[in-house]
There are 2 protein chains.
Amino acid sequence: MKYSRQRELVLETVRSRPIHPTADDVFAILRKTEPNISLGTVYRNLNFLSDAGLIRKVLVPNASDRFDGTVVEHHHMLCTQCGEVFDLAHDLAEEFSQEILLKTGFEMNHCGLMLLGKCVSCREKECRPASTVKQPIE
Amino acid sequence: MKYSRQRELVLETVRSRPIHPTADDVFAILRKTEPNISLGTVYRNLNFLSDAGLIRKVLVPNASDRFDGTVVEHHHMLCTQCGEVFDLAHDLAEEFSQEILLKTGFEMNHCGLMLLGKCVSCREKECRPASTVKQPIE
DNA sequence: CTACCTGCAAAAGGTTTGCATAGCC
DNA sequence: GGCTATGCAAACCTTTTGCAGGTAG
């Protein structure tokens, strides 16, 4: 792989942010210190780096793709209320993916699971009677 | 709801096709018999009908949204090889969604599960030694 | 009659690509 | 020096929207 300053910056930006930044986030962050970097270059490098396995592209339905510096196998949960993306540890889905394979023949990809739903803090913000709100177990 | 010929045709087209057609699929199908129908109208009606709960919009990462005439709760599996979308019965995911809620506090939406992976027929097409190919259990 | 719907075409949002120039090895 | 990356802008693809005219109730 050929070195370029921009590629290194893109990689470092994704790796150092746990927020699953979009291409546009990365672009905005880098623009601050690298005023000439172009959006095209950011996209090219994000795709290059995820093809090379150094980062991961997280496909988000109905929104911009996001990029993830964590390359160990894990899955994602998208809160359809606030738009945040959360990680889901692989072992929480392992049994499920085995069951799906056995029962349907469908073989889940590594990082192939996207859950749409409502995250803890969005659920807590809703004014439901406290008794019906299940507390998450961390 | 106000009647229109186009709306009825769109609804009927989605309901009668198990292929989870995209807006463009619906448009192409209807164009054959309704040469003046416009893509904008197809989109407007698909959105209207899914807002009204008569069909469902299936958000597909990295590809056009698809529409589903089956409105009972179920989930989807996208084959990242052939691009087909398959239904996944809700009861196969029920236990999993309970577990996720308890362990992470994330509350899955109805129809909120998208599995990316490889479908049975794509797996069978690959030239692996037969012994390593797990047969699906239907 | 009025509200809502249509067809058309333009706009919008996200992503990719062509081209000439610049930078790594 | 050659190959690849960059910046810029235009192109692309899917979806939405504004508008003027048409249709259901």
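Throughout, protein chains are lettered first and strands after them, A, B, ... in sequence-line order, and every chain is numbered starting at 1.
Tyr43(B) has its OH atom 18 Å from the P atom of dG18(D), to the nearest Å. Between Arg7(B) atom CZ and dT23(D) atom P the separation is 16 Å, expressed in whole Å. Atom CZ of Phe48(B) and atom C1' of dA3(C) are 13 Å apart (whole Å). In this entry the distance linking CZ of Arg66(B) with C1' of dT15(D) reads 16 Å, nearest Å. Residue Asn36(A) contributes atom CG, which lies 12 Å from atom C1' of dA22(C) at whole-angstrom precision. Put simply, CG on Leu49(A) is 11 Å from P on dA5(D), counting in whole angstrom units. Residue Asp24(B) contributes atom CG, which lies 8 Å from atom P of dT15(D) at whole-angstrom precision. Atom CZ in Phe27(A) sits about 13 Å away from atom P in dT6(D), given to the nearest Å.
Within the 6.0 Å centre-distance limit, the rings of His76(B) and His20(B) are counted as a close aromatic pair.
For DNA chain C, the neighbouring residues in residues 55-65 of chain A, judged by any heavy atom under 4.0 Å, are Ser64(A), Asp65(A).
Between His90(A) and His75(A), the two ring planes are tilted [angle within 30° to 60°].
Residue order along DNA chain D, read from the 5' end via each residue's closest nucleotide, puts Lys2(A) first among Lys2(A) and Thr41(A). Checking Gly40(B) against Asn47(A), the closest nucleotide of DNA chain C that is more toward the 5' end is the one next to Gly40(B).
Under a hydrophobic-cluster definition in which Ile, Leu, Val, Met, Phe, Trp and Tyr are linked whenever side-chain heavy atoms come within less than 4.5 Å, directly or via other members, Phe106(A) and Met114(A) are assigned to different clusters. One hydrophobic cluster, built from ILVMFWY side chains closer than 4.5 Å, cannot hold both Leu88(B) and Leu59(B); they sit in different ones.
In terms of phosphate contacts, Gln6(B) brings a side-chain nitrogen or oxygen within less than 4.0 Å of OP1 or OP2 of dG7(C). Listed pair Tyr3(A) / dC24(C) fails the phosphate criterion, with no side-chain N or O lying under 4.0 Å from OP1 or OP2. An OP1 or OP2 oxygen of dC5(C) is reached within less than 4.0 angstrom by no side-chain nitrogen or oxygen of Ser4(B).
A cation-pi arrangement is found for Arg7(A) relative to Phe48(A), the charged atom lying closer than 6.0 Å to the ring centre and inside a 45° cone about the ring normal.
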> Between Arg5(B) and Glu34(B), does a side-chain contact (heavy atoms from CB on, under 4.5 Å) hold up when you go through it step by step?
Replying inline: CA-CA 10 Å; Arg5(B) 171 171 185 69; Glu34(B) 205 75 6; 2.8 Å; yes
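Across all strands, Ile37(A) comes closer than 4.0 Å only to sugar-phosphate atoms, never to a base (heavy-atom distances).
Side-chain to base pairing of Arg44(B) with dG18(D): one donor and one acceptor N or O lie within less than 3.5 Å of each other.
In this structure a side-chain-to-backbone donor-acceptor pair under 3.5 Å is missing from Thr41(A) to Ile37(A).
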